[in-house]
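One structure below.
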Amino acid sequence: MQEAYALSIHTHIHQLYVILHCQDVKTTISEAELRETPEVVKQAIEELRELMKNDDTIYFRDDDEFLMIFLRPCKFYAKSAYELMKRIAEFKVKQAQYLDNLMPEDERDAFIQHKVINVLTDRDHKGRRVLIVNCGALWDPSKVTADQIFRMFYLIHEAAILEPETQIKGVVVIMDFEGLGMKQVRAFSPSFSFRLLSFIQEAMPLRLKEVHMVKQPFIFNMVWQIFKPFIKEKLGKRIHFHGSKMADLHKFMDPSCLPKNYGGQLPEINYTGGDWFPCISEFEEHFQQMNTYGMKK
């Protein structure tokens, strides 16, 4: 199972070096939703490169493949992509204590020894990556802090941007609150909530298509009151609450792509970050390069 999972993740990530800017990934979705045609792409890359050239405050690579990471979530509007890059640079400065020189190895224990964050082996029926966040009983904040969860999110997003299919089709997050108790509620501080939501809404070059809250008990209302003030309209429309009604979740995600944990047709999840973390840590050079981008020093 571990080998099969590692092969699956490695195959997707390795696509970066083979087909990132090839016509094969120019799917109907990329054209219909992102305006991704050869003519639009060429013009957007040229415009974005020129905007970067005239800004001596930020530093990012400017090759075609790298610029696609920022252009795709902005539907190939160069000015929007440039502004996103500026926000990312500013965010990294503001959150330097958490992000400076961050590498997967720094959170190795949290990924491998604990079951807080997981990535489904398969994409959903729309080809989207699916991230599982266990915010309930499976999360012990005394062993994995909320700050570490933020760092883990950041590392996972830096791995996900390597996948052309994920750039185009986006990601879905399932927040599993089964067994949520006061020790988890207390860990969701306003400062953590603001930091995480600022990242998601302002400085994440990925298409976050949906967020699904499942198995949340009544006490979840306390958590929601902490997060709610920081959620903007666009993200708010993509958050869905299902409780224990998996049939509601299935209106958004086909059961054929979900494990039994969520009323799906696939086997129950029997893998953890320990199975796929080696695939992320393989790309050490990528993470090192990402650490150099941002505001010029």
- Give a yes or no on whether a salt bridge exists between Lys92 and Asp100, defined as a side-chain N under 4.0 angstrom from a carboxylate O. no
- Task: Under the side-chain contact (heavy atoms from CB on, under 4.5 Å) rule, what do Val211 and Met175 come out as? Steps first, then yes or no, please.
- Result: CA-CA 7 Å; Val211 179; Met175 306 281 289; 3.9 Å; yes
- Would you call the rings of Phe199 and His157 parallel, tilted or perpendicular, where under 30° means parallel and over 60° means perpendicular? perpendicular
- Message: Would a single hydrophobic cluster contain both Ile226 and Leu197, if residues Ile, Leu, Val, Met, Phe, Trp and Tyr are joined by side-chain heavy-atom contacts under 4.5 Å?
- Response: yes
- Would you tell me whether Lys169 and Ser30 have side-chain atoms, one donor and one acceptor, within less than 3.5 Å of each other? no
- Query: Does Lys86 reach the side chain of Asp55, with side-chain heavy atoms less than 4.5 Å apart?
  - Reply: yes
- Close side-chain approach of Leu131 to Ile174, heavy-atom, < 4.5 Å: no
- From CG (Asn261) to CG (Asn134), nearest 0.5 Å: 9.0 Å
- Query: Should the pair Arg61-Asp63 be classified as a salt bridge under the 4.0 Å nitrogen-to-oxygen rule?
  - Reply: yes
- Task: Evaluate the criterion side chain to side chain donor-acceptor pair (under 3.5 Å) for residue pair Arg123 and Thr166; output intermediate values, then yes/no.
- Result: CA-CA 9 Å; Arg123 296 175 181 272; Thr166 302; 3.1 Å; yes
- Message: Taking the ring of Phe188 and the ring of Trp139, is the distance between their centroids below 6.0 Å?
- Response: yes
- Task: For residues Tyr154 and Leu196, determine if any side-chain heavy atom of one lies less than 4.5 Å from a side-chain heavy atom of the other.
- Result: no
- Item | Non-hydrogen atoms of Gly263 and Pro255 that approach each other most closely | O-CB, 4.2 Å
- Message: Taking Tyr271's backbone N and O only, do any of them form a donor-acceptor pair with Asn118's side chain (distance below 3.5 Å, no angle check)?
- Response: yes
- Whether over 12 other heavy atoms sit under 6.0 Å from Phe153 CZ: yes
- Task: Would you check if Val172 and Asp124 make a side-chain contact, meaning some heavy-atom pair closer than 4.5 Å?
- Result: yes
- May I ask you to test the Gln265-Leu258 pair for a side-chain heavy-atom distance under 4.5 Å? no
- Item | Worked check of salt bridge (Lys or Arg N to Asp or Glu O under 4.0 Å) between Lys94 and Glu90 | CA-CA 6 Å; Lys94 293 176 181 177; Glu90 292 166 358; 5.3 Å; no
- Answer yes or no: is there an ion pair linking Arg151 with Glu107, defined by an N-O contact shorter than 4.0 Å? yes
- Message: Would you say NZ of Lys234 has more than 12 non-hydrogen atoms from neighbouring residues, nucleotides or ligands within 6.0 angstrom?
- Response: no
- Item | Phe194, CZ: over 12 other non-hydrogen atoms inside 6.0 angstrom | no
- Message: Holding to side chain to side chain contact (heavy atoms under 4.5 Å, CB included), I want the full list of residues that pass it with Val40, two or more places apart in sequence or in another chain.
- Response: Arg35, Thr37, Phe76
- Compare all side-chain heavy atoms of Gln167 with those of Glu163 and state whether any distance is below 4.5 angstrom. no
- Task: Check for a donor-acceptor pair, side chain of Glu178 on one end and backbone N or O of Gly136 on the other, with a separation under 3.5 Å.
- Result: no
- Message: Quick check for you: to the nearest 0.5 Å, what is the distance between Asp275 atom CG and Thr272 atom OG1?
- Response: 5.0 Å
- Expected output: side-chain Glu158 to main-chain Met290 donor-acceptor under 3.5 Å: no
- Say whether, by atom type as modelled, one donor and one acceptor occur between the side chain of Glu36 and the main chain of Glu31 under 3.5 angstrom. no
- Query: Taking the six-membered ring where the residue is Trp, are the ring centres of His242 and Phe252 under 6.0 Å apart?
  - Reply: yes
- Message: What I want to find out is whether Glu202 reaches Arg87 closely enough, with some N-O distance under 4.0 Å, to be called a salt bridge.
- Response: yes
- Item | Aromatic plane relationship, Phe192 with Phe227 - under 30° parallel, 30 to 60° tilted, over 60° perpendicular | perpendicular
- Message: Tell me whether Arg108 is salt-bridged to Glu105, with the criterion being a basic N under 4.0 Å from an acidic carboxylate O.
- Response: yes
- Message: Looking only at side-chain N and O atoms, does Glu47 offer a donor or acceptor that is under 3.5 Å from a partner on Gln43?
- Response: yes
- Task: Verify the ring-centre separation between Tyr293 and Phe66: is it less than 6.0 angstrom?
- Result: yes
- Message: Looking only at the side chains, is there a donor atom on one of Gln288 and Glu284 sitting less than 3.5 Å from an acceptor on the other?
- Response: yes
- Message: Salt bridge check, Arg72 against Glu33: does any charged N sit closer than 4.0 Å to a carboxylate O?
- Response: no
- Item | Aromatic ring proximity Phe70/Phe60, centre distance under 6.0 Å | yes
- Straight-line distance of Gln225 CD to Phe220 CZ, nearest 0.5 Å: 9.5 Å
- Measure the NZ-CD1 distance between Lys237 and Ile231 for me, rounded to the nearest 0.5 Å. 14.0 Å
- Results of side chain to side chain contact (heavy atoms under 4.5 Å, CB included) for Lys245 - residues two or more places apart only: Asp248
- Examine Ile239 and Ile200 and state if one hydrophobic cluster contains both, with Ile, Leu, Val, Met, Phe, Trp and Tyr joined whenever side-chain heavy atoms are less than 4.5 Å apart. yes
- Query: How long is the gap from CG on Asp147 to OG on Ser191, to the nearest 0.5 Å?
  - Reply: 7.0 Å
